[in-house]
Amino acid sequence: MKIIIEDNYENLSHKAAEVIKEQIGQKPDSVLGLATGGTPIGTYNELVKMYQNGEIDFSEVTAFNLDEYLGIEKKHEQSYHYYMQEKLFNKINIKKENIFIPESKPKNPEEYCKWYENKIKEKGGIDLQLLGIGSNGHIGFNEPGSDFKSKTRVIELAKQTIEDNSRYFNSEKEVPNKAITMGLDTIFKAKKIIILASGEKKKKIVKKIVNLEQTEKIPATILKKHPKTKLIIDKAANTKDLVSN
Ligand code: F6R
């Protein structure tokens, strides 16, 4: 796992956007895996700026989002459908038919998850996956204890995740307790991965991911054996003992 330490959140966001720009430059019909949450907002802002300056063309890009809350209305401001439209898709030239975000109310969730997993395969797999990290080490909504071989599926959110994400809702009670998430194996199959962590709150988990052996108790440790993963953190998320390598 390559570690890149940036001075601050702005530089981290710029770096992540540069990696995505480079990927699309090399392969205009790239398949991207995308994340939501607070961390990638700066990256999406940078990508929008690059698009407006004519530096990136998304017309042949396909995007698969990692996850979505189960049962939430798509038009709810905290749904990941809403987030992605607002933060990125409405502002760039990606084609509607090339956008995939897990359904929030599928009729048959199990069948739907299989369909999503197969769709990723049908499109040739993910070329570059963007990830954030939960404070408990989750990636996507693969909570601690998730099988490293897991595929896209319905998952119950951990108490910690509900607590962390309650900052986006009026109260903890409003946070949906289930979600659909790409699995750990689905994520691991991406050809390249960038995982972002910013701010003091991520210090502890970053240290664990870097220093501990692979363990299903900390899902992000699966990436330690991925051949092309870059962990991009800012100084605030560094415990001081990590250095860029
Ligand atoms: C979001 C996702 C989650 C977040 C993680 C960190 O699509 O899959 O794993 O990346 O919960 O969220 P933030 O960035 O809000 O700290």
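Model, not experiment: these values are computed from the prediction. Residue numbers count from 1 along this sequence. Atoms within a ligand are numbered from 1 in the order they appear, just like the ligands themselves.
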closest protein heavy atom to atom 16 (O) of ligand 1 is Lys202 NZ, 2.6 Å
Just checking, Lys87 and Tyr83: is the charged tip under 6.0 Å from the six-membered ring centre and within 45° of the axis? yes
Going from CD1 on Ile5 to CD1 on Ile233, what distance comes out if it is rounded to the nearest 0.5 angstrom? 4.5 Å
Does Lys208, at its NZ atom, have more than 12 non-hydrogen atoms belonging to other residues, nucleotides or ligands within less than 6.0 Å? no
For the atom pair CD1 (Ile120) and OG1 (Thr62), what is the distance rounded to the nearest 0.5 Å? 11.5 Å
Just to confirm my output: which protein heavy-atom neighbour is closest to atom 8 (O) of ligand 1, and how far is it? Asp67 OD2, 2.7 Å
So which bit of Met84 gets within less than 4.0 Å of ligand 1, heavy atoms only: side chain, backbone, both or neither? neither
Interatomic distance, Asp185 atom CG to Ser146 atom OG [nearest 0.5 angstrom]: 12.0 Å
Which is closest to atom 6 (C) of ligand 1 by heavy-atom distance: Thr39, Ile133, Leu157? Ile133
With atoms numbered from 1 as shown, which atoms in ligand 1 lie under 4.0 angstrom from a non-hydrogen atom of Gly38? 13 (P), 14 (O), 15 (O)
Proximal ligand 1 atoms for Tyr168, defined as those under 4.0 Å from one of its heavy atoms: 15 (O)
In the protein, what heavy atom is nearest to atom 11 (O) of ligand 1, and what distance, to one decimal place, separates them? His138 NE2, 2.7 Å
For ligand 1, which atoms, with element, lie under 4.0 Å from some heavy atom of Leu66? 8 (O)
Count the heavy atoms belonging to other residues, nucleotides or ligands that lie under 6.0 Å from NZ of Lys151, then report whether that count exceeds 12. yes
Give me the nearest non-hydrogen protein atom to atom 1 (C) of ligand 1 as residue plus atom name, then the distance to 0.1 Å. Thr36 OG1, 3.1 Å
I'd like the name of whichever of Gly140, Gly37, Gly132 reaches closest to atom 3 (C) of ligand 1 through any heavy atom. Gly140
Which atoms of ligand 1 sit under 4.0 Å from any heavy atom of Ala35? 7 (O)
When rounded to the nearest 0.5 Å, the distance separating NZ of Lys201 from CD1 of Ile133 is 14.5 Å
Would you call Gln160 a ligand 1 contact, heavy-atom distance under 4.0 Å? no
Roughly how far apart are Leu223 CG and Leu131 CG, rounded to 0.5 Å? 6.5 Å
